[in-house]
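Since the model is a prediction, treat every value here as computed from it, not as a measurement. Quick note on labels: first sequence line is chain A, next is B, and so on, each numbered from 1.
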Protein chains: 2
Amino acid sequence: MKLEEAKRNFVETWGTLGTNWGINRTMAQIHALLMVSEQPLSTDEIMEILDISRGNANMNTRALIDWGLAERKVKLGERMEFFVGEKDIWKVAVKIIRERRKREIDPMRSTLRDLKMIDDKDEKKEEYQRFIKLLDDIDSFADSADKIADKMVLADKNWFFGTMMKLMIK
Amino acid sequence: MKLEEAKRNFVETWGTLGTNWGINRTMAQIHALLMVSEQPLSTDEIMEILDISRGNANMNTRALIDWGLAERKVKLGERMEFFVGEKDIWKVAVKIIRERRKREIDPMRSTLRDLKMIDDKDEKKEEYQRFIKLLDDIDSFADSADKIADKMVLADKNWFFGTMMKLMIK
DNA sequence: TTGAATTTTCAAAATTTATTGAAAGATAAA
DNA sequence: TTTATCTTTCAATAAATTTTGAAAATTCAA
């Protein structure tokens, strides 16, 4: 296998993977392409290499920037925008965690908390208690997961996968 | 809000959530319904309550059983099958982690490892090195995440969210 | 055995999600 | 200004995923 071929495969694989992690295929492919590119790429280059439309390329470079997974890069004397991808895999993971938390976890926790506003508290005593306990369990699980996510977002990669790992695995 | 209404909302919310975590809406709804049901439910009851077809109910109860998120329960003297959902949210998380790892992480790691079989090692020396480093970084990140998942799968909930949490957060 | 009850399958239909491409909107050099 | 270059939007279209429902397969009591 040649290097270029391996890179192409990488872009495809990362694209497939992305769909499992809340990132659509094209968005993940563009990100993968930017990760393996030695140079910043323009929208036209991305369109050309991935064989996608201008609209699609634009939407998804934009989304990558929203997520903090890519940056705009202006080249002196060039009118066009170029894009650079986040290549540090630790940072990539942290950005995905942060963004998904904001979009999914936080809203769902608040929805689930609202469900505790039940007014027939006295009837069906035990059934009521069991339901509330389920909601509380979910919330406390989410809270712990959230704290770990917090720690990750703030932590240094080496601390997390060095110190913490040793504590956990020993 | 009445208890029954809150439960209905819970089923809907859990269904929406599921789609973000590799579980389709109906599968997540059935799971939610089984979590809040005081009694095991039959396929007919699930069809009736969620207003879905028999095929859909069958496919998704089956999927839940595959994932370890529900169990079949036979009632004495009844011909029909009944289903019971896993209600312990820690166990639910562990089963989802285990299953997704098996279906996604393991295959992707092996695909990415294969990409290292590049034969033009000497040409473009630096570019080659950078690409290999990216693949190695991803693999070592995945390895750490995997080890944490392992620990979770084997650990006791209280150890994980008690002892470990204290170590991490302090 | 037979046949009624129940479960499973899967092609077709419906729904959801992603993509296209052309037109409108910016931007900046001339 | 004007004009050419580049970016954004979004309705229409395409692709992917989920759901249906009826037929086939299975199970079990009689």
- [ ] Provide the start and end nucleotides, 5' to 3', of the part of DNA chain D that has atoms under 4.0 Å from heavy atoms of chain B.
- [x] D:dT18 to D:dC28
Task: Exam field: side chain A:Glu99 to backbone A:Ile96, donor-acceptor pair closer than 3.5 Å - done: no
Task: Distance, rounded to the nearest Å, where B:Asn20 contributes CG and C:dT16 contributes C1' - done: 14 Å
- [ ] May I have the distance from B:Asn60 (atom CG) to C:dT7 (atom C1'), rounded to whole angstrom?
- [x] 15 Å
Provide a list of protein-nucleic acid N or O atom pairs under 3.5 angstrom, restricted to nucleotides 21-27 of chain C.
residue	atom	partner	partner atom	Å
C:dT27	O2	A:Arg79	NH2	2.1

- [ ] Return the orientation label for the A:Phe10 and B:Phe131 ring planes: parallel under 30°, perpendicular over 60°, tilted otherwise.
- [x] perpendicular
TODO: Could you state the atom-to-atom distance from CE of A:Met80 to P of C:dA28 in whole Å?
DONE: 15 Å
- [ ] Give the cluster check for A:Ile148 versus A:Ile97: same hydrophobic cluster or not, with ILVMFWY residues linked at side-chain heavy-atom distances below 4.5 Å.
- [x] yes
Open item on the list: Rounded to whole Å, how long is the line connecting atom CD of B:Glu78 with atom P of C:dT6?
Closed with: 8 Å
- [ ] Return the value, rounded to whole Å, for the distance between atom CG of A:Asn58 and atom P of C:dT20.
- [x] 13 Å
Task: NZ (A:Lys75) with more than 12 external heavy atoms under 6.0 Å - done: yes
Open item on the list: With ring pair (Phe, Tyr, Trp, His ring centres under 6.0 Å) as the rule and sequence neighbours excluded, what pairs involving residues 86-108 of chain A come up?
Closed with: A:Trp90-A:Phe160, A:Trp90-A:Phe161
- [ ] Grab the CZ-P distance between B:Arg25 and C:dA14 for me, whole Å please.
- [x] 16 Å
Task: N or O in side chain of A:Thr26 less than 4.0 angstrom from C:dT19 OP1/OP2 - done: yes
Open item on the list: Under a 4.0 Å threshold between the charged nitrogen and the carboxylate oxygen, would B:Asp143 count as salt-bridged to B:Lys147?
Closed with: yes
Task: Most 5' of A:Arg72 and B:Met27 on DNA chain D, judged by nearest nucleotide - done: A:Arg72
TODO: To the nearest Å, give me how far apart CD1 (A:Ile30) and P (C:dA18) are.
DONE: 13 Å
Task: Ionic contact status for A:Lys133 with A:Asp137, cut-off 4.0 Å - done: yes
Open item on the list: Ignoring hydrogens and geometry beyond distance, is a side-chain donor-acceptor pair present between A:Ser42 and A:Glu45 at under 3.5 Å?
Closed with: yes
Task: Atom-to-atom span, CG of B:Leu64 to C1' of C:dT8 - whole angstrom - done: 16 Å
TODO: Give a yes or no on whether a salt bridge exists between B:Arg130 and B:Glu126, defined as a side-chain N under 4.0 angstrom from a carboxylate O.
DONE: yes
